[in-house]
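Labels below follow one simple rule: chain letters A, B, ... track the order of the sequence lines, proteins then strands, and each chain is numbered from 1.
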Amino acid sequence: MIYIRLKDGSQREYPEGISLLQVAESISPKMAKFAVAAVFNGQVTDLNATVQEDGELDILNFEDERARIVYRHSSSHIMAQAVKRLWPKTKFAIGPAIDKGFYYDFDTEHTFTPEDFILIEKEMESIIKSDYPFVRQELSREEALQFFADRHEDYKVELIQDLPEDAVIGLYQQGEFVDLCKGPHVSSTGKLKAVKIMSLAGAYWRGSENNKMLQRIYATSFPKQAMLDDYLNKLEEAKKRDHRKLGKELGLFVLLDEGPGFPFFLPKGMVLRNELEQYWRDQHQKAGYQEIRTPIILNTELWHRSGHWDHYKDNMYFTKIDEEDYAVKPMNCPGGIMVYKQNLHSYRELPIRTGEMGLVHRHEMSGVLHGLMRVRAFTQDDAHIFMLPEQIIDEINGVMNLIDLFYKQFGFSYHVELSTRPENSMGSQEVWDMATDALKQALEEKSMPYKINEGDGAFYGPKIDFHLQDSLDRTWQCGTIQLDFQMPEKFDLTYIGEDGEKHRPVMIHRVIYGSMERFIGILIEHFAGAFPTWLAPVQVRVLPITERQHDYTETIIARLRDEGIRVEVDKRSEKIGYKIREGQLQKIPYLLVIGDKEIEANAVAVRHRKEGDLGAQGLDEFIAMIKTEIANKMIK
RNA sequence: GCCGAUGUGGCUCAGGGGUAGAGCAGCUGAUUCGUAAUCAGCAGGUCGGCGGUUCGAAUCCGCCCAUCGGCUCCA
């Protein structure tokens, strides 16, 4: 007999060798029905696993993230089984669970098409209906290699070869299909209820462009059809917030074939952009920054000295002036450094914080361009901080605080990653370790949770990256703080210390928005185009009901303009409902409806895009209200 | 750059070897109206580009370009 203690603290007695699923059934048939996986003694485990020892048990249903991973992982095996049945010659690579579903990478002569989705889904449904149990077997490394080699599963063989010599290899079988897998899995294929193939993509084996490109099928699964429907609806809703669609509808920017990756900002987009820049200047002035501007084209010699030639030239554009070689800047740092070098600096001056709205150009590969999120010309809200070594932590903290202030202003939540030394980089390992430790220390002092991104740093130093999400939960790096001991060396930067000698300053490269373009993209999706009034390209639109109100409307517009409010008028001879509809679709914060009643009362009828008809107000009252909203940068 | 899909008036989309179609937007006229679409008329496209097949190509084929979803890469 063994004793199993449950999450609620109660303890039950079972015969040795009982399966966890049987335990779940003994507690509650309903619990067993919705059970996906179990946690036994802290390990996520198959429900089909049997237990021989006392332990603590927690039964997980789909609500638990760990269980969802198991559920989707099992789903990927079922999809693989379906593909194997339909195209028996297919070779199988990997099939993990991902955030909202799963994928499997296949190598096959057959080129999958969207028409195949239905076939695969049908086959999956048939496998689900058969309710095959997922059966775990374990083989030695040798046996497993033999097993997959016999089946010509080259990718599986390669995977096993990379496992340690003494590894016990897990295999899972459902019906006729066997796959290499450490598990765990759901108890049987019948646990799946709703599956949907989502999309098709190419993906390199093991993520390296030197390897063969496989065909990846993305899909998702849920334990209830209603949950799948709900998920698909949410996806549709999210697509309506796509900044590329809203950018067009709201007249903010365009991307044309004439300049792939080079966005055109339209008048309304410029208003938004200028407001963001104004806020940026205000806050940086308060935080002790000075603003500079450096040239876009600079002599190639400078780029050799900075290391960009060696590490970044594939991403740069070049030109010639009077037979001399020049490059279009992909980064602002050399310019900022040249400014620092214009004077001798005393240790008393440091830290020196120089900011620059710097327009950079980068030759990004054609396949990676994505609306405003990934472009070839963008403005970085850059700054370079030159400081004493003992000021590093304080300065990093200062930048982290500034980033937090900005992101909170827009109501963004963000996550942080620490990127370490990449392969193609400059400087000694010692200096890199020092810089990386400094960033770690700053993060830990702030008890900021972070993920480590090995090998993802800049070529001159490690960095802390701040990531924001778009409407489809894809994350984009916006803010970054990069610590650099290399450029000061390369450019022989100095300050005069207390001792009267020359010393080497340390540099921080940092951005808050990241790039104006990307940040605006994120902002559009975050607010679904309904920007807070302080950012809204048009803050008020005045809608006269008939021509009789045109004169009065003019006086209102003049007054609002005078108060610095961005106002438009719709004098077309359309019905008021039509004008309101258009104003709503343009997501204008306030529509002022003007009829005879308003003229008589010397008032305006206020309609807010979210709150609807707010009734009539005196014009002064309305102006006071909207000005408060703008001044406080309120989000509503 | 790689894999797959897509490209038709300003926008959203239909059509598909026999000389381009709708709705919205636009323009003109009528209407003067109270919180998400008033009616009528008019105008607008060498169907992404270049080649090829064909008596004939928007439609079939090839190459290129751009976009979308991924991979790789990155602010």
Please list, for nucleotides 24-32 of chain B, all pairs of protein and nucleotide N/O atoms separated by less than 3.5 Å.
from, atom 1, to, atom 2, distance (Å)
B:A25, OP1, A:Tyr578, OH, 2.5
B:G26, OP1, A:Arg572, NH1, 3.2
B:U31, N3, A:Ser573, OG, 2.9
B:U31, O4, A:Ser573, OG, 2.4
B:U32, O2, A:Glu547, N, 3.1
B:U32, N3, A:Glu547, OE2, 3.4
B:U32, O4, A:Glu547, OE2, 2.4

Short side-chain N/O contact from A:Lys248 to OP1 or OP2 of B:U12, under 4.0 Å: yes
hbond_proxy A:Tyr204 side chain to B:G70 base (donor-acceptor, 3.5 Å cutoff): no
Short N-O contact, A:Glu517 and A:Arg273, less than 4.0 angstrom: yes
A:Asp484 and A:His509: side chain donor to acceptor below 3.5 Å: yes
Pair A:Glu237 + A:Arg241: basic N to acidic O under 4.0 Å: no
base_contact_polar (B:G1 base, A:Glu364 side chain, donor-acceptor, <3.5 Å): no
Whole-angstrom distance between B:A37 and B:A25, as gauged at atom P: 12 Å
Base of B:A75 and ring of A:Trp476 stacked, centres under 5.5 Å, planes under 30°: no
Value in whole Å for how far the C1' atom of B:A75 lies from CD1 of A:Ile512: 13 Å
Flag if over 12 foreign heavy atoms under 6.0 Å of CD, A:Glu611: yes
Phosphate contact (B:G69 OP1 or OP2) by A:Arg474 side-chain N/O below 4.0 Å: yes
Sugar-phosphate, base or nothing in reach of A:Asp596, heavy atoms under 4.0 Å: base
Distance in angstrom units between A:Glu600 CD and B:G34 P, rounded: 16 Å
A:Glu574/A:Arg581 salt bridge by N-O under 4.0 Å criterion: no
Nearest-0.5 Å distance that lies between atom CZ in A:Arg281 and atom OH in A:Tyr279: 14.5 Å
Donor-acceptor pair between A:Tyr552 and A:Glu600 side chains, under 3.5 angstrom: no
Output one line per pair: protein atom, nucleotide atom from nucleotides 3-8 of chain B, and distance, for all N/O pairs under 3.5 Å.
from, atom 1, to, atom 2, distance (Å)
B:C3, O2, A:Gly202, N, 3.0

Sugar-phosphate, base or nothing in reach of A:Arg244, heavy atoms under 4.0 Å: sugar-phosphate
B:A36 phosphate, OP1 or OP2, under 4.0 Å from A:Lys575 side-chain N/O: no
Donor on one side chain, acceptor on other, A:Asp105 and A:Trp205, under 3.5 Å: no
Over-ring placement of A:Arg216 relative to A:Tyr103, 6.0 Å and 45° cut-offs: yes
Distance below 4.0 Å between A:Arg581 side-chain N/O and B:U35 OP1 or OP2: no
Touch class at under 4.0 angstrom, heavy-atom based, for A:Tyr218 against every strand present: sugar-phosphate
